[in-house]
Structures are given as structure tokens and as C-alpha cells.
Amino acid sequence: MASSQSVLDNLLLNTDSYKITHHKQYPPGTTKIYSYFECRGGVFPEVVFFGLQYVMKRWLLGQVVTEEKIQQAAEITKLHLSQNVFNIDGWRYILKNHGGRLPIRIKAVKEGSIVPTKNVLFTVENTDPHCFWLTNYIETLLVQVWYPITVATVSRCMKQSLAKYLHETAENFDGLPFQLHDFGFRGVSSVESARIGGLAHLVNFMGSDTMAALLTAREYYHCPMAGFSIPAAEHSTMTTWGKANEVAAYQHMLETFPNGIVAVVSDSYDIFKCCDEIWGKKLKDLVVKRGKTGSTLVIRPDSGDPATTLVKVLTILEKHFGSVRNLKGYKMLPSYLRLIQGDGIDYSSLPSILETLKTNQWSVANIAFGCGGGLLQRLDRDTQRCAFKCSYAEVNGKSVNVYKDPVTDSGKKSKKGLLTLECHKGVMRTTEEGSGDPTKDLLVTVFENGKLCQEYTLDEVRERAELDIVKQSKKK
């Protein structure tokens, strides 16, 4: 995975420029640098820890240092910084004494764990005293775990909203794994973002159109097929028929996909007229006929105010297809007819949409949601205030508890000393300055000296991250 000789895959160059000079800046006699990663706060009070395994397998495993990469890095950094400051001797030491494998130990909480903010999530330290400078050299790559953590956390937040309203308006949680569909591939900054962010969403759900995420799940988390989708129309495949042939376009979809679930975007011209006159009258018999084989038509509005549009569409469809009250007293369309709303959905808008549906006596089970930019792109490292800081060092044989405490921002005060993450009376908390109990530490060694020491499957991650309300329902 990390063996390519391409300059783009050269670990030595995948760092921040200023770190090239940091080996010269530590106090003389430094032999140990110990750093940690945490979410210092942010939008959500707790986070889903996920994605470190991807970073380690992608960048750190095996021999990642070669003479070719050292020379390549020395040449490029000289041009970049206009001076010879690259740590060529340090990297050659790793090549000679460790076979090009990183003398680093990483301890982390298990992936899929739900951890309150302001707690240590993983620690990094050098295992060779000559390589103290290496710990924070690889910070740049390791901190990118902020992205899958934040996406998984946002996704789970929306799952909590959906579960709450399903609990109130539906008979079970059967549809929950498919109730938030990832539409985000085209809206992210890169294919790798789609891979990582899309996979983070799949920690919580099983619906996705982001193919790159499925491949990443196979390669990095031992999941042959992490997500599923269905045949679905886009505006181009409908509007090329022309407005005069809108009925023919929709009929073609039903006849081309006569069995199973099929989704048809229906707002190209007039979503309300479409549901009333086309789905409700001209194609009603075909919709009902498909339903007799267990097949389902999913109608997709894709514009307008989501809550208002959904309620109006549901009311129109109820007029033509009828509805029944479930055991919770909320209305359900026939099983062969459902909606998906993929426009205007994010963690802040979803609860009010669900509340509007409930207020209008509709079960949330009638509708699935799609989310793109609000899921994979409209977030950053400060969403959860993710940070990587040094907390402990050994200098001239003496232990030093390291910290920062800026007078201008107390929120950036860092932790001191050796850390453990422990659970006390059901609450996770970080102990500092080596005062914790190692036998109770929730951080486990996942990487050491170029080798992966602990590996998780996506199934294991999903099980840890599952909502308590869903776990409890499965026990009944």
C-alpha cells in the first residue's frame, strides 16, 4: 500500500513544510516525543472515532523509507526551502536500523467508539530514542482523521434524528439503515474525500451512491459490500424525453425496471401536477400492478422547501392511492409507494422536516432522505475542533510534562503528560500526567514499528457505533 516510489506517495514529503526543520528545534538531549489527538469541543458533544485504520494502512505500513525517497525528498525540500535543512541523516538511520519501517507506536480507542469531546482519541510516540523528531513529523497525515471522524459524527447525528421520529411515528426501525442515502460523491473536493467520507457515512447507514466508498471498505475494512443502491432516474434521463412526453418517460422507467425498487425524480416541471395527474391517474394502474409483485416506486421531489413539498406530495398521493394508520396512529402510504428527499438536507434541517411530517400525521417511515454536501463537504477540522499536541517528552533522561495554555484562548489549553482514556461509572474521561491506571486504559496499541497490531472490520465498527435505542429494540 505504501510501497509506491511515486513522488505523490513519498511519506517523507507528505508533511507540512515547516516540519522539515523541526528536528533542529527540539532541546538538545531529547529522546522521546509523545503526542495525542483529541476533539476539543465543537458542534457535537460526542464523536464517532473512525478512519485511523485507513490512514495507517494507506501511509504507514511496512517499508515506507527508501534511499530513492530520501534523495527525492532532499532535492525537493532544498528547492522549496532554499537551503539544506532536510533530515537526511535521520531518515537514513531509519532505513539502516529499521529497514525503512517507522519506529512509532500508536495507541487508539477502538474504531466505532462513541467518545465525548475533550478526550484523548489516540497517542503517538517514537520507539527509538534517535527518532524523537518523527512523532510530530507524521502529524500532518494523522490529523486528517478529523475528516472521517466528523463525517461519521454528522451522519450519526442525522441517524439519531431519524431514529427518534421513527420511534414516535413508526412500528419499527427496519428501514433505518437505508433512510439516509449518500449523494455526496460529486460534491466533495476529491476522489479520496469521497472514499474516506463516503465510508465514514457507511458506519451508520447502508445506502450510498458513492462507489468509491464501497471500494475503500473492501480494501481497508474487510467488507465485501458495504452499501447498496437502486435503479434511479436523473433529470437528464427524464427531460431528454421532452415535457410533452413526461408520461412516456415515467412509464418507460416502470417498464424498464418492472421488479424491485426504482426511484424517479419527478420535479422537472411541476412536482404537484406530476403526482396528481401522472402518478395518481395516468400511471396509477401500472404503479399498483408493480406493487402486487412486491415492487416499490420511490418518487423524488428535488426542489422547493423540503417540509412543505413533502407534506403536499404525500397529501396528493394519499388522495389517489389511499393511506392506512399504523400501530402508532400515523399515516402510511401503500407499501409500493415511497418518497425520497435529496435536496436541502443536513443535520440542522432534518429535525424540523421530521417534526413537520409528524405534525401532519405522517409516519417518517414513508420517506428516505439523500444528503450530499451537507454530509461530506460542509464541515472542516474546526467542526469538532480537532487537534494534535505534544504532551510529554524525555530530555536528558528527565520526564517533561508538556502543554500549551494561551492567554488569548483558554479553549486551546492542551493536556499534560502521559495519558490514558478510562471509563468511570459509565463515563469516559482522560487522565493526565501519568496518573491513570494502565489496566483500565481504553487506548490499545494499533501500530508499532511498521506493523498493524490491531485491525477492525466494518461490521465491528458498525456494531460499536450503533444507537442504543436500536440495540435495545433488537433485544425485544
Side-chain angles (χ1 to χ4, degrees), residues 1-37 52 54-106 122-147 189-193 196 381 387-390 392-396 402 447-452:
M1 294 186 183
S3 61
S4 172
Q5 297 298 298
S6 166
V7 66
L8 298 177
D9 290 323
N10 188 338
L11 173 78
L12 287 60
L13 290 167
N14 275 283
T15 192
D16 298 309
S17 300
Y18 72 157
K19 289 186 178 292
I20 302 296
T21 69
H22 287 179
H23 66 285
K24 294 177 173 289
Q25 300 177 27
Y26 289 102
T30 301
T31 55
K32 170 79 75 176
I33 292 294
Y34 172 100
S35 297
Y36 72 96
F37 177 94
L52 180 61
Y54 169 85
V55 176
M56 294 187 301
K57 293 177 77 171
R58 171 68 178 87
W59 290 105
L60 307 183
L61 285 191
Q63 182 179 358
V64 295
V65 183
T66 65
E67 182 61 29
E68 179 184 349
K69 289 183 178 181
I70 293 171
Q71 293 181 17
Q72 187 180 67
E75 176 187 348
I76 290 174
T77 56
K78 182 180 179 180
L79 290 170
H80 178 49
L81 297 171
S82 302
Q83 51 186 303
N84 287 315
V85 289
F86 181 70
N87 191 8
I88 193 166
D89 291 338
W91 287 109
R92 281 183 172 156
Y93 175 89
I94 293 173
L95 178 60
K96 178 181 178 181
N97 292 278
H98 297 280
R101 293 170 173 80
L102 300 180
I104 286 289
R105 179 182 300 115
I106 302 175
F122 66 85
T123 62
V124 186
E125 61 187 302
N126 56 293
T127 59
D128 184 323
H130 294 284
C131 301
F132 61 89
W133 53 270
L134 183 58
T135 300
N136 276 43
Y137 193 95
I138 60 175
E139 171 191 358
T140 309
L141 287 173
L142 291 173
V143 168
Q144 289 192 335
V145 77
W146 75 262
Y147 179 59
S189 60
S190 67
V191 173
E192 187 172 30
S193 295
I196 302 169
R381 186 164 66 92
F388 184 99
K389 299 298 174 187
C390 176
Y392 175 83
E394 292 177 3
V395 183
N396 294 317
V402 181
F447 178 91
E448 187 166 304
N449 300 334
K451 296 181 180 179
L452 207 62

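Numbers for residues simply follow the sequence, beginning at 1.
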**OP:** Only counting residues at least two apart or in another chain, list the ones meeting side chain to side chain donor-acceptor pair (under 3.5 Å) with Ser35.
**Re:** Asn136

Subject >> Partners passing side chain to side chain donor-acceptor pair (under 3.5 Å) against Tyr137 (at least two apart in sequence or in another chain) >> reply: none

**OP:** Can you tell me which residue pairs pass the salt bridge (Lys or Arg N to Asp or Glu O under 4.0 Å) test with a partner in residues 74-90, sequence neighbours excluded?
**Re:** none

**OP:** With rounding to the nearest 0.5 Å, note down the distance linking CZ in Phe447 to NZ in Lys57.
**Re:** 13.0 Å

**OP:** State which residues pass side chain to side chain donor-acceptor pair (under 3.5 Å) with Tyr147; sequence neighbours excluded, sorted by chain then number.
**Re:** none

Subject >> Inter- and intrachain pairs under salt bridge (Lys or Arg N to Asp or Glu O under 4.0 Å), touching residues 20-29, at least two apart >> reply: none

Original post:
Under the salt bridge (charged side-chain N to carboxylate O under 4.0 Å, His left out) test, which residues partner Lys32, sequence neighbours left out?
Top reply: Glu125

Result block: side-chain N/O donor-acceptor pairs under 3.5 angstrom for residues 97-104, not counting sequence neighbours:
from	atom 1	to	atom 2	distance (Å)
Asn97	ND2	Tyr93	O	3.0
His98	NE2	Asp128	OD2	2.7

Subject >> Thr140 side chain to Asp16 backbone, donor-acceptor under 3.5 Å >> reply: yes

Original post:
Taking only residues two or more places apart in sequence, or in another chain, which ones meet Arg92 in a salt bridge (charged side-chain N to carboxylate O under 4.0 Å, His left out)?
Top reply: Glu67

Original post:
Is there a donor-acceptor pair under 3.5 Å between the side chain of Asn10 and the backbone N or O of Ser6?
Top reply: no

**OP:** Go through the structure and list residues passing ring pair (Phe, Tyr, Trp, His ring centres under 6.0 Å) with Phe37, not counting sequence neighbours.
**Re:** Phe122

**OP:** Please identify each residue that fulfils ring pair (Phe, Tyr, Trp, His ring centres under 6.0 Å) with Tyr34, with sequence neighbours left out.
**Re:** none

Original post:
In chain order, what residues pass the side chain to side chain donor-acceptor pair (under 3.5 Å) check against Ser193, with sequence neighbours excluded?
Top reply: Ser189, Ser190

Original post:
With Lys96, which residues qualify under salt bridge (charged side-chain N to carboxylate O under 4.0 Å, His left out), at least two apart?
Top reply: none

**OP:** To the nearest 0.5 angstrom, please state how far the NZ atom of Lys19 sits from the CG atom of Leu12.
**Re:** 14.0 Å

**OP:** State whether the side chain of Asn126 and the backbone N or O of Ile33 hold a donor-acceptor pair below 3.5 Å, judged by distance alone.
**Re:** yes

